[in-house]
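Here the structure comes first, spelled out in structure tokens, and everything after it is commentary.
Whatever order the structure lists them in is the order used to number ligands and atoms, beginning at 1. Side-chain atoms are counted along with the backbone in the values below, which use heavy atoms only and exclude waters and symmetry mates.
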Amino acid sequence: MNQPQMNQPPQPPVTSNSNPQWQKVCAFLRNECGDDVFNSWFARLTFVAIDNGKVQFHVSSDFVRDWIISHYQDRLLTSWQMVESSVQEIVVDVVSHAVGETDNGVGNGAGTPGVDSSADDDLGSSLRLDTRFTFGNFVVGKSNELAFAAAQRVADLATPHASYNPLFLYGGVGLGKTHLMHAIAWHIKSQHKKNVLYMTAEKFMYQFILALRYKSALDFKKKFRSVDVLMVDDFQFISKAEATQEEFFHTFNSLVDDNRQIVISADKSPDSLEGVEERLRSRLGAGMVAYIDPASYELRLGILESKVSQMTTPIPRKVLEFIARRITSNVRVLEGALNRLVAYASLVNKPICEDVAYEALQDLLLDSAKRVSVESIQKMVCQHYNVKLSEMSSPRRAREVVRPRQIAMFLAKEMTTRSLPDIGRRFGKRDHTTVLHAIRKVEDLSRQDPSIREDIMILRRRLGG
Ligand code: ADP
Ligand code: MG
């Protein structure tokens with residue numbers, strides 16, 4: 001425990017968070033609810049005893065108890081029942097010295113695993129950096145290679161080059177934007193010992209409003225304008241309020257003029273950011289703009305393999321292929337599926353195989369299965385380009401139908417679990433090599449032509465991807 005007492009040997013914990021059943025429940029809850037919720041609430045529970053169908057916990061305050069009871073009691077109970085079917089009731093008592101407050105005693109031990117709590121030592125307002133989000137842990141594929149290369153270049157700070165300032169990373173949710181930003185920050189902090197200020201757009205706004213309220217606008221300006229590297233994540237959440245954007249605009253200009261690096265992420269390209277003033281949008285797009293696309297099957301499999309190589313549980317390749325095939329939405333969901341599978345298998349005490357994966361991930365699989373069909377993709381693409389649905393299967397090779405057809409094939413491969421021959425059949429009995437050619441073509445085009453990229457993003461979004 002992290003509160004050693006003076007002149008006494010370290011005391012064993014009064015209660016036992018190391019109860020193996022509670023450990024299993026914890027692993028499951030962590031995967032189900034995510035690290036944030038787990039660390040905020042469940043980690044504060046101190047396991048006391050399990051007796052006669054009753055599981056007893058201590059917490060250190062009324063507030064924590066009330067919150068857990070009102071929000072998580074059912075989940076806690078059902079998780080326990082999976083491990084120990086005789087459990088009927090959860091009891092949480094308030095004890096002023098419950099250990100959970102200072103040392104959660106579960107999972108990786110004290111504190112929040114994976115989060116570096118010393119990261120904000122240099123600048124009070126910087127957000128914490130996740131220790132797992134490094135370049136080394138980032139798996140590169142076609143969909144993210146541009147963003148990865150640009151991020152590395154910026155992190156090297158070797159040639160403070162106007163063409164990389166700002167670096168603007170954009171892409172859908174869960175595709176690795178925050179990961180790359182943290183990787184840049186880690187690299188710069190460790191290799192260059194520079195002042196990095198990493199925050200979300202929301203935090204920027206919040207600080208600005210506070211500064212106005214407490215009339216410390218000058219300190220605010222000074223702080224922001226003294227950093228070497230300013231990173232703002234999730235820029236789409238910047239307030240539409242003129243004053244905030246104005247302040248950001250000036251901060252931005254002053255840093256760039258001073259050759260400091262700026263890195264921004266958002267879910268859209270600078271041009272498409274709604275509610276952002278034109279002059280700011282054009283500033284944001286004036287450096288290096290790099291997108292991240294949804295991961296292909298190969299990249300999804302690569303990411304799973306890389307995660308598994310860091311885990312102690314071996315997972316058969318067939319199972320990884322199954323997950324990579326069936327979970328297509330984003331990397332966060334993909335990772336969650338893998339963690340859930342491991343927790344589930346240990347909970348039900350079965351070796352990991354395809355059947356167990358199917359059981360563990362049923363709801364996620366349903367989600368992605370009902371998501372899109374090739375037909376709905378064809379319809380949406382035809383609507384977008386104003387061509388007849390019959391052109392998807394027609395032999396016509398005029399440019400105005402070929403392009404939409406290729407884009408529809410590309411999206412069909414990306415958003416459904418159909419094989420290439422299967423997709424070909426649905427486009428007027430075309431050969432799988434034609435589909436492959438279409439996919440490559442669209443990949444190339446979207447690299448060169450921002451308007452095609454924009455079209456694809458819009459279509460994806462409309463299709464719910
Ligand atoms: P975003 O900020 O774009 O919503 P994140 O950066 O938070 O997404 O990524 C979501 C999760 O997926 C994180 O755990 C991240 O480590 C992981 N991830 C995303 N892309 C990759 C990748 N290419 N290689 C390894 N992990 C990845
Ligand atoms: Mg993010």
Identify whether the distance between the nearest side-chain nitrogen and carboxylate oxygen of [X] and [Y] falls below 4.0 Å.
X	Y	result
E274	K240	no
K203	D234	no
E246	R279	yes
R426	D422	yes
E375	K379	no
R340	E32	yes
R281	D271	no

Handout entry: Any donor-acceptor N or O pair under 3.5 Å, side chains S309, S306
Key = no
Problem - Check: S239/Q245 side-chain N/O donor and acceptor closer than 3.5 Å - result: no
Around [atom], find the nearest protein heavy atom and jot down its residue, atom name and distance.
atom	answer
atom 15 (C) of ligand 1	H179 ND1, 3.4 Å
atom 8 (O) of ligand 1	G176 N, 3.1 Å
atom 18 (N) of ligand 1	V331 CG1, 3.2 Å
atom 17 (C) of ligand 1	E335 OE2, 3.4 Å
atom 7 (O) of ligand 1	R332 NH2, 2.8 Å

Handout entry: Under 2.8 Å from the Mg ion (ligand 2), the protein N, O or S atoms, given as residue and atom
Key =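 Near the Mg ion (ligand 2), the protein supplies T178 OG1.
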For [X], the ligand 1 atoms whose distance to one of its heavy atoms is below 4.0 Å:
X	result
N137	24 (N), 25 (C)
V173	4 (O)
V139	22 (C), 23 (N), 24 (N), 25 (C)
N144	23 (N)

Handout entry: Over 12 non-hydrogen atoms of neighbours within 6.0 angstrom of NZ in K221
Key = yes
Handout entry: Any N/O pair G174/ligand 1 closer than 3.5 Å
Key = yes
Exercise for the section: Would you check the N or O atoms of I303, main chain and side chain alike, for any that come under 3.5 Å of an N or O of ligand 1? Expected result: no
Practice task
Tell me, please: is K307 in heavy-atom contact with ligand 1, that is, under 4.0 Å?
Solution key: yes
Give every donor-acceptor pair under 3.5 Å between a side-chain atom in residues 437-447 and any protein atom, sequence neighbours left out.
{"unit_1": "S446", "atom_1": "OG", "unit_2": "V442", "atom_2": "O", "d": "3.2"}
{"unit_1": "S446", "atom_1": "OG", "unit_2": "E443", "atom_2": "O", "d": "3.2"}

Practice task
With the side chain counted from C-beta on, respond yes when H182 and R132 share a heavy-atom pair under 4.5 Å apart, and no when they do not.
Solution key: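 Result no, sub-4.5 Å side-chain heavy-atom pair not found.
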